[in-house]
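As structure tokens, the structure follows; a few thoughts come after it.
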Amino acid sequence: MLKKVLSLILVGFILTQPIVSAEEELPLLQKQTKAIVMTSHPVSRKQVNQFLADYPSLKLRNVYRHALTGFSVSGRAGDLIKLKKEKGIYLVEEVTVYRAQLNESIRFIGSDEARTFFDKNHQRVTGKGVKVGIIDTGIDYTHPDLAQSYKGGKDLVDGDNDPMETKEPADQATLHGTHVAGIIAANGKMKGVAPQAEIYAYRALGPGGAGDTEQVLAAIDAAIEDDVDVLNLSLGNNINGPDLPISLALNKAVDKGIVAVTSNGNSGPNVWTVGSPGTAEKAISVGASTPPLKVAYAAWGLGESKDKSPLLVFQGSKPWELSYSQEIIDGGTGKPKELKKVKGKIALVERGTTTFSEKAKNAEKAGAIGVIIYNNTKGNFMGLIEEGVKIPVVSISKKKGESLIKAAGKGRGTMANFTYRMEQDLLAEFSSRGPVTVTWGIKPDILAPGVGIDSTVPSGYLSLQGTSMAAPHVAGACALLLQIHPDWTPKQIKSALMSTSKPLKNEKGLLYRTFEQGAGRLQIREALEADTLLEPSSMAFGLFTKKEGIDEHEQKFVVENTSDKVRKYSFVVPPKENGLIWDLPASFKIKPGGKKEIVLGLQVNPSQLKTGIYDGYLTLLEAGKRISLPFLYVKEEPNYPRVMGFEFGPAETKDMYHYEVYLPRGADDFGIALYEADSFRYMGLIDRAEQVPQGMIKKEIKKSDLPPPGTYRAIIFARRAGQEDQIETQIVIN
């Protein structure tokens, strides 16, 4: 049978009528439609007819042998739905119709213009010959847009050489790595940033996208052994520290000549939300900005209570295209009994208790026309909706959700107006911000489009958003630069990207902070033309601790002239600020291929400055070119989180439990208090310590020293320099 020997991919529909899901009513299932099926090898009419014997209504139309290998069929939509369930069969949108955000985003950053450049072998710049490693969920290397680019890889989850995305069980299937790979090097109907780069996939995240530090470290090790040129990691945790193992491993990869690119995290918009490996000093950490796209906004209330919020569309959801005015009604946490009044309305539900998909399905079943999920903690968030939900699902922050609840009243509704506007070059709300604790380094280093990005997935194409989508834009740009400059070091590549990027402004016309956008948004053409490089590419002056007198810091950096002409440079004198005195060099020249070490001095008068983060941009001028150098310094102990990254569970040793927690600068006082989950009755401290050193704290606790089995509310607290922060979470003792 054909299905035993060939991998089949249902790549799209010839007719504009899409195949409906199995939940649609019978009359729709009886509708006639057509589909194209691609195969990995040429097939005969006899083989196809044998395969179609299990699908009585499906009739073979054509067999393709040259333009592609495969065949087309016609028949009832119901049978095509059954065909979709065959192993190796994937349902996608119509071949000729997909949202073009990837094409738009790469054009927006200048990838198309790169084709007008030529390398030393007189070949167009497409990333040809550059090896790009992707540490992720694996990739679907059978995708027609990735088959040419894929050259090999490893599976660090199952321990073999097959880095295919997880496909079974269906509820644990992944697509993230394939999406990332398409942004970098799709080379088919869709084109990535560097379509002729060579893709090497390292599957470090398994079913459901889950993985651990051990697997990621093994993947980095494997990529180093395979001598990749660029390494993309669109993954991470929420621990803001420079000394986490993955961050250190990436620094080591850079030392070995690999350009490491990583996402900055999706925990914005608050400061200090960057997580490892986005904290790796030598890697290029990427935040997310908006390409040209239409954004939906909701507005509600009157007078002083008037409020509005952008709507973040969930991954896998239908676009939010509801009419101008609709009623929003409180739907609790999205349980069926809480959704009795949502028919014909928009359900507003709180995050938590049930999954996003369950909330959406419950609301759809109750007759809702859309779902808004508001956060149950500070900030914005993103989510994934499983296949089968036919109403749009979006998220808003906890603050905005509570505002809507207040406007609606418990169990009642309120009218909201929906508007849509074109936006570009705005920092995505979800994009994590820096700076990095301990080193006070600037992260992200750079921005790239990460909102509404269409790319390849195992089922065809899908629009996703996140810094996971921004990082591969930069990884692709690195491949283009390395094709032109194969002898450049990772530091030189990083400098070319950062020093030519475009600093972005917010909606009020003010520059985003350096710890929000780094040097600015990626501009590929300008990076390819760069001939002045800076090392380092951003300046961290560190912590100013004096409370009296003058506190002076110096930083050295190197200016390199890679052109064949003498270059003359000068600094733009920064605007005067109370309490600051800059010591900048006079204008200077550098010979072709030469370098010059520059010393920058910064004097601070503590009595004239408040405690906190100070940052900005120094500008180096060269023949009309403006070369940007972001800088940052911190006065005394700023308002960073004193505790983060708490985990608790059974230890490998019998009758023992363990916990780990990260203290960025240590703690004067640290402890873990337990309370009963329901009554919040205090159950005591399971640990307490003073003068705890900085870093990751790991400890085992005897089960006999813990309260009786049950579910508890844990409050983990840490105090340093007069500030105390807490983590509140739920733990289970068995």
Side-chain angles (χ1 to χ4, degrees), residues 100-117 119 123-134 136 139 143 145-146 148-151 177-201 228-234 259-263 284 286-292 445-457 461 463-485 493-494 496-498 500-502 521-530:
Q101 279 93 338
L102 178 56
N103 291 344
E104 290 174 7
S105 67
I106 65 173
R107 189 181 303 116
F108 186 57
I109 61 175
S111 179
D112 283 3
E113 293 178 272
R115 313 295 179 258
T116 65
F117 288 74
D119 65 15
Q123 294 184 322
R124 291 190 184 276
V125 174
T126 58
K128 187 174 183 179
V130 179
K131 298 169 66 174
V132 181
I134 300 173
D136 215 293
I139 72 169
H143 194 291
D145 288 3
L146 296 175
Q148 291 187 66
S149 303
Y150 175 73
K151 301 300 178 183
T178 302
H179 198 275
V180 166
I183 295 171
I184 296 172
N187 193 13
K189 189 163 192 67
M190 180 175 277
K191 298 289 185 182
V193 177
Q196 290 192 304
E198 300 174 1
I199 292 296
Y200 290 79
V228 302
D229 302 303
V230 181
L231 190 56
N232 187 94
L233 290 88
S234 289
V259 182
V261 181
T262 179
S263 55
I284 303 173
V286 188
S289 59
T290 57
D445 296 296
I446 197 169
L447 298 179
V451 180
I453 307 299
D454 251 30
S455 185
T456 49
V457 293
Y461 307 94
S463 179
L464 300 179
Q465 62 185 13
T467 55
S468 285
M469 285 63 252
H473 282 83
V474 174
C478 293
L480 300 178
L481 276 167
L482 282 170
Q483 183 183 341
I484 285 187
H485 304 290
I493 297 294
K494 184 176 184 178
L497 294 172
M498 289 182 63
T500 59
S501 61
K502 177 184 178 181
R521 194 255 297 156
L522 170 66
Q523 298 185 114
I524 290 178
R525 181 184 183 90
E526 288 78 358
L528 291 170
E529 292 175 338

Which pair of non-hydrogen atoms, one from [X] and one from [Y], has the smallest distance, and what is that distance?
X      : Y      : result
Cys478 : Ile493 : SG-CG2, 3.8 Å
Thr456 : Gly182 : OG1-CA, 3.2 Å
Val451 : Gln465 : CG1-OE1, 3.5 Å
Ala479 : Val130 : O-CG2, 3.4 Å
Gly476 : Ala194 : O-CB, 3.6 Å
His473 : Met469 : ND1-O, 2.8 Å

Listed by chain and number, what are the side chain to side chain donor-acceptor pair (under 3.5 Å) partners of [X], not counting sequence neighbours?
X      : answer
Thr178 : Glu165
Ser263 : none
Glu198 : none
Ser289 : none

Taking side-chain contact (heavy atoms from CB on, under 4.5 Å) as the definition, give me every residue that meets it alongside [X], ordered by chain and number, with sequence neighbours left out.
X      : answer
Ala496 : Leu481, Trp488, Ala530, Leu533
Ala475 : Ile184, Val230, Asn232, Val261
Ala288 : Ala428, Phe430, Ser431, Thr467, Ala470
Asp119 : Asn121, Gln123, Gln483

Under the side chain to side chain contact (heavy atoms under 4.5 Å, CB included) rule, what do Val259 and Asp229 come out as? Steps first, then yes or no, please. CA-CA 6 Å; Val259 182; Asp229 302 303; over 6 Å; no
Hey, are the side chains of Ser234 and Thr262 touching, using non-hydrogen atoms and a 4.5 Å cut-off? no
Student check: side-chain heavy atoms of Leu480 and Val193 closer than 4.5 Å: yes
Any donor-acceptor pair under 3.5 Å from [X] side chain to [Y] backbone:
X      : Y      : answer
His179 : Ile453 : yes
Ser149 : Ala186 : no
Gln148 : Asn187 : yes
Arg124 : Arg115 : yes
Ser455 : Ile183 : yes

[X] side, atom [atom1]; [Y] side, atom [atom2] - distance, nearest 0.5 Å:
X      : Y      : atom1 : atom2 : value
Tyr200 : Ile134 : OH    : CD1   : 12.0 Å
Phe108 : Gln523 : CZ    : CD    : 9.0 Å
Leu447 : Ile109 : CG    : CD1   : 12.0 Å

Can you list the residues that meet the ring-ring contact (aromatic ring centres under 6.0 Å, His included) rule with Phe117, with sequence neighbours excluded? none
Sequence neighbours left out, what passes salt bridge (Lys or Arg N to Asp or Glu O under 4.0 Å) with [X]? Give chain and number order.
X      : result
Lys502 : Asp425
Arg525 : Glu113, Glu529
Asp445 : Lys443, Lys494

Are side-chain N/O atoms of Glu526 and Thr500 paired as donor and acceptor at under 3.5 Å? no
In terms of side-chain geometry, is the basic nitrogen of Lys189 or Asp145 positioned less than 4.0 Å from the acidic oxygen of its partner? no
Indicate, with yes or no, if the rings of Tyr461 and His143 have centres closer together than 6.0 Å. yes
